[in-house]
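Written out below as structure tokens is the structure these notes cover.
Here is how names work: the chains are called A, B, and so on, in the same order as the sequence lines, proteins then strands, and each is numbered from 1. As a basis for the values below, the full set of heavy atoms in this structure was taken, side chains included, without hydrogen atoms, waters or symmetry mates. Bear in mind that the values here come from a model prediction, so they are computed numbers and not experimental data.
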Amino acid sequence: MSITVHITNIIQENVIKAIQQLYGETIALEQVQVGATRKEFEGNYTIVTFPFTKIAKKKPEEIGEELGAYLVTQVDEIQAFNVIKGFLNLVVSNGFWMDFLERIHHRTDYGQHPANGEKVMVEFSSPNTNKPLHLGHIRNNLLGWSCSKILEAAGYEVVRVQVVNDRGIAICKSMLAWQKFGAGATPESTGIKSDHFVGDYYVLFEKKFQEEFKNWQQSVAGQQVFQSRKKSDQDETTFFKEFKNLYFNEYSALGAEARAMLRQWEAGDAATVALWRTMNGWVYHGFEETYHKLGVSFDKYYYESNTYLLGKDIIEDGLAQGIFYKKPDGSVWVDLTDAKLDHKVVLRSDGTSVYITQDLGTARLRYEDFGVSRMVYVVADEQNYHFQVLFEILKRLGEPYAAGLHHLSYGMVDLPTGKMKSREGTVVDADDLIAEVIAEARANSQERDTLSDVSQAEREDILRKIGLAALKFFIIKVHPQKRMIFDPKESVDLQGQTGPYVQNAYVRIQSVLRKAEDSAQALLKNPKSLEYNTLATDEKDLIAQLYEFPGLIQEAARTYDPSVIAAYCYTLAKSYHKFYHDFPILKAESEAAVAFRLKLCSAIAHTLRFGMNLLGIEMPERM
RNA sequence: GGUCCCGUAGCUCAGCUGGAUAGAGCAACUGACUUCUAAUCAGUAGGUCUCAGGUUCGAAUCCUGACGGGAUCACCA
């Protein structure tokens with residue numbers, strides 16, 4: 001976007017001048033409220049005059065009249081005004097809108113801000129390697145991806161990373177189950193997508209473990225434990241449910257084997273490490289396929305197997321600086337009670353790391369790797385407390401990037417029946433879901449029969465774009481902070497406030513431009529459009545909406561909130577659909593009108609495409 | 001129990017740095033395709049913005065307190 005000052009700033013500054021001249025008081029910029037004029041009134045921008053009544057000692061209406069008169073004479077872009085109660089509505093001149101459209105209609109990157117020299121890291125996805133990706137990961141990936149795109153559009157250089165949790169007891173469970181029951185099967189030999197293949201062994205382990213646990217519960221040993229350890233009024237079922245973890249760690253044969261495997265892995269046992277590499281390799285292969293389908297990618301992968309020992313040096317730093325303290329047993333703590341965050345262990349008494357030690361170390365490592373001034377962590381809201389603690393510690397340590405840390409926290413995706421639970425088999429698988437939405441788009445398209453003349457490959461590409469748009473838009477349009485409900489049984493909507501609705505506005509424009517053929521190019525360059533001086537309200541509104549786009553991107557970047565871009569794209573598409581319905585374009589009343597409307601269409605198409613791209617949504621040329 | 005988040009139409013969601021009559025979509029009902037793609041448009045109906053106080057010229061929006069839902073408060077990750 002050009003460096004031109006937004007018109008609301010011009011208005012604000014002139015209101016300040018007017019108040020100075022008329023009433024002899026100096027006010028701050030923030031005191032001048034300039035908003036968009038509501039549809040029912042005439043005008044583009046509205047100033048609220050109530051706050052000035054004390055300064056002016058006049059009625060809001062009088063102030064409105066006086067300010068309006070001043071602005072019309074002093075500001076070229078303001079053509080007229082009207083006052084309704086305490087609201088001063090300003091009408092921006094046609095010339096201003098026309099000039100603006102002339103400047104941007106050909107720009108495919110309208111909305112892109114110039115580089116600001118700042119580098120920001122966005123961490124997202126961050127899966128465990130024992131299970132395939134599910135609906136929760138989809139929300140995470142979409143938020144992370146669009147957040148990074150928005151930051152780029154706002155002028156940042158972005159580094160996309162993910163931290164892969166590739167170690168620990170969970171992957172050992174899959175490994176063990178495969179070793180014991182797999183009989184040498186591979187993803188290739190079974191034809192199962194490789195991350196699902198590994199996930200199936202994780203599920204198999206849990207199944208075998210449950211069987212073992214059940215048998216033990218009936219055994220003499222199990223009953224003895226129940227009798228001796230149960231709390232007074234606890235029944236058998238409840239007791240054993242709560243006892244599960246302890247059983248795994250202290251009684252289970254399978255548990256012992258899995259833990260032994262983890263120890264061997266940590267000791268660097270060659271065979272165990274080889275198996276671990278093989279199975280994680282399968283998982284990564286499957287993940288990449290899903291990422292590819294989702295349209296996300298990463299610049300750098302951090303593996304916890306490499307980073308889980310990091311952070312010890314930071315502990316030393318913190319102790320030296322007196323930020324941490326050591327307990328007699330050797331464990332290291334931080335006192336964050338003055339930040340309302342309690343005491344927190346940062347190193348175990350045996351000298352090994354806890355989760356946050358690793359995160360401290362990884363933060364510093366990333367800074368050393370990329371020199372970013374900001375880091376955004378896209379992680380579900382169940383970790384809010386963890387990130388408050390992490391950021392507070394990094395701040396106290398005086399890390400150079402500490403002021404630029406942000407936790408993009410998002411709510412869980414619930415099913416109509418409640419939470420997704422893997423144990424109850426209600427987890428919505430990412431690959432299944434993607435396939436379903438595309439199938440839905442296909443079914444819908446067949447009824448419509450508008451794509452019968454395109455090639456098979458092209459049609460599949462279009463359907464893929466439509467299906468994914470439906471899914472992505474549905475998720476992105478909800479404010480990240482809110483929990484959202486997703487009903488997988490009810491097929492994703494393709495009509496109304498949806499991705500395909502926005503795509504359709506774009507497709508209609510492309511269709512018009514195709515119809516205009518050669519003349520379109522000439523008309524798009526035709527300065528005659530400037531002679532079109534009877535701008536209808538709908539046309540003016542469309543240009544005014546386009547005008548707000550760059551500012552909105554900044555807003556979305558500032559608040560790390562992609563949902564505002566989704567809302568914008570929808571509103572713009574809605575306005576266009578109405579315009580398209582009510583106004584002829586190629587058969588407009590004059591050559592100037594045709595040229596103008598084509599430029600308007602072109603600008604809208606570019607903006608919609610750019611905006612949807614920020615959400616990770618591709619635009620088809622037809623549908 | 002402490003802390004944090006959420007509560008807006010039957011359903012899914014906007015609006016929340018205080019401003020005009022609280023907006024969309026879905027579902028329901030009515031109408032518009034010989035005219036640039038009807039995945040569209042126009043209309044009807046649907047609200048105690050959870051509740052109660054407070055601040056203000058003005059509160060869905062800010063403050064306090066209830067109520068309801070969720071998360072978290074491990075030498076787990």
Take atom [atom1] of [X] and atom [atom2] of [N], then tell me their distance rounded to the nearest Å.
| X | N | atom1 | atom2 | result |
| --- | --- | --- | --- | --- |
| A/L408 | B/C5 | CG | P | 16 Å |
| A/F583 | B/U35 | CZ | C1' | 17 Å |
| A/F486 | B/C13 | CZ | P | 11 Å |
| A/Y355 | B/A74 | OH | P | 15 Å |
| A/K344 | B/A77 | NZ | P | 10 Å |
| A/R622 | B/A38 | CZ | P | 13 Å |
| A/Q33 | B/A59 | CD | C1' | 13 Å |

A/L336 and A/V389: CA distance, side-chain angles, deciding distance, side chain to side chain contact (heavy atoms under 4.5 Å, CB included) verdict: CA-CA 8 Å; A/L336 299 175; A/V389 171; 3.7 Å; yes
N/O (side chain, A/R508) to phosphate O (OP1/OP2, B/A38) under 4.0 Å: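 Result: yes.
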A/Y580 side-chain N/O to B/U35 phosphate OP1/OP2 under 4.0 Å: no
By nearest atom, which of the nucleotides [options] is closest to the [X] side chain?
| X | options | answer |
| --- | --- | --- |
| A/Q358 | B/U37, B/A77, B/A20 | B/A77 |
| A/V354 | B/C41, B/U37, B/A77 | B/A77 |
| A/M623 | B/A39, B/G19, B/C36 | B/A39 |
| A/F87 | B/A14, B/A38, B/G19 | B/G19 |
| A/Y385 | B/C41, B/A39, B/U72 | B/U72 |
| A/R514 | B/U37, B/A14, B/C41 | B/U37 |

C1' atoms of B/C57 and B/G70, separation to the nearest Å: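 Looking at atom C1' only, B/C57 and B/G70 are 39 Å apart.
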Minimum heavy-atom separation for [X] to [Y], with atom names?
| X | Y | value |
| --- | --- | --- |
| A/Y385 | A/L341 | OH-O, 2.6 Å |
| A/S331 | A/V345 | CB-CG2, 4.5 Å |
| A/Y506 | A/L608 | N-CD1, 4.2 Å |

What pairs of nitrogen or oxygen atoms, one from the protein and one from nucleotides 6-10 of chain B, lie under 3.5 Å apart?
| unit_1 | atom_1 | unit_2 | atom_2 | d |
| --- | --- | --- | --- | --- |
| B/C6 | OP1 | A/Q481 | OE1 | 3.3 |
| B/G7 | OP1 | A/K482 | NZ | 3.4 |

Donor-acceptor side-chain pairing of A/N140 and A/Y410 below 3.5 angstrom: yes
Residue pair A/H407 / A/D381, side-chain donor-acceptor N/O under 3.5 Å: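 No pair is found: no donor N or O on one side chain lies under 3.5 Å from an acceptor on the other.
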Chi angles and distances behind the side chain to side chain contact (heavy atoms under 4.5 Å, CB included) call for A/H6, A/E548: CA-CA 9 Å; A/H6 195 282; A/E548 298 305 322; 3.3 Å; yes
Quiz item: A/S563 side-chain donor-acceptor pair to B/A14 base, under 3.5 Å: no
Base B/C75 to side chain A/S331, donor-acceptor N/O within 3.5 Å cut-off: yes
Under 5.5 Å and under 30°: A/F50 stacked on B/G19: yes
Carboxylate-amine/guanidinium proximity below 4.0 Å for A/R609 and A/E618: no
Sugar-phosphate, base or nothing in reach of A/P584, heavy atoms under 4.0 Å: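 Here A/P584 touches the bases of the nucleic acid.
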Distance under 6.0 Å and angle within 45° of ring axis: A/K344 vs A/W333: no
Which pairs would a plain distance check flag for residues 469-478 of chain A, meaning a side-chain donor or acceptor within less than 3.5 Å of a matching protein atom at least two apart in sequence or in another chain?
| unit_1 | atom_1 | unit_2 | atom_2 | d |
| --- | --- | --- | --- | --- |
| A/K472 | NZ | A/L294 | O | 2.7 |
| A/K472 | NZ | A/G616 | O | 2.6 |

Per-nucleotide protein contact string for nucleotides 21-29 of chain B, where B marks a base within reach and S marks sugar-phosphate only (heavy atoms under 4.0 Å, - for neither): S-SBSS---
Stems involving RNA chain B, each a run of at least 3 consecutive Watson-Crick or G-U pairs under 3.5 Å: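 Output for stems: B:1-7 with B:67-73, B:10-13 with B:23-26, B:28-32 with B:40-44, B:50-54 with B:62-66.
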Under 3.5 Å donor-acceptor, A/N130 side chain and A/G199 backbone: no
With sequence neighbours excluded, residues passing side-chain contact (heavy atoms from CB on, under 4.5 Å) with A/A592: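 A/E531, A/Y532, A/S590.
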What donor-acceptor contacts under 3.5 angstrom involve side-chain atoms of residues 242-249 of chain A, with partners at least two apart or in another chain?
| unit_1 | atom_1 | unit_2 | atom_2 | d |
| --- | --- | --- | --- | --- |
| A/E242 | OE1 | A/Q234 | NE2 | 3.0 |
| A/Y247 | OH | A/E212 | OE2 | 2.6 |
| A/N249 | ND2 | A/N245 | O | 3.3 |

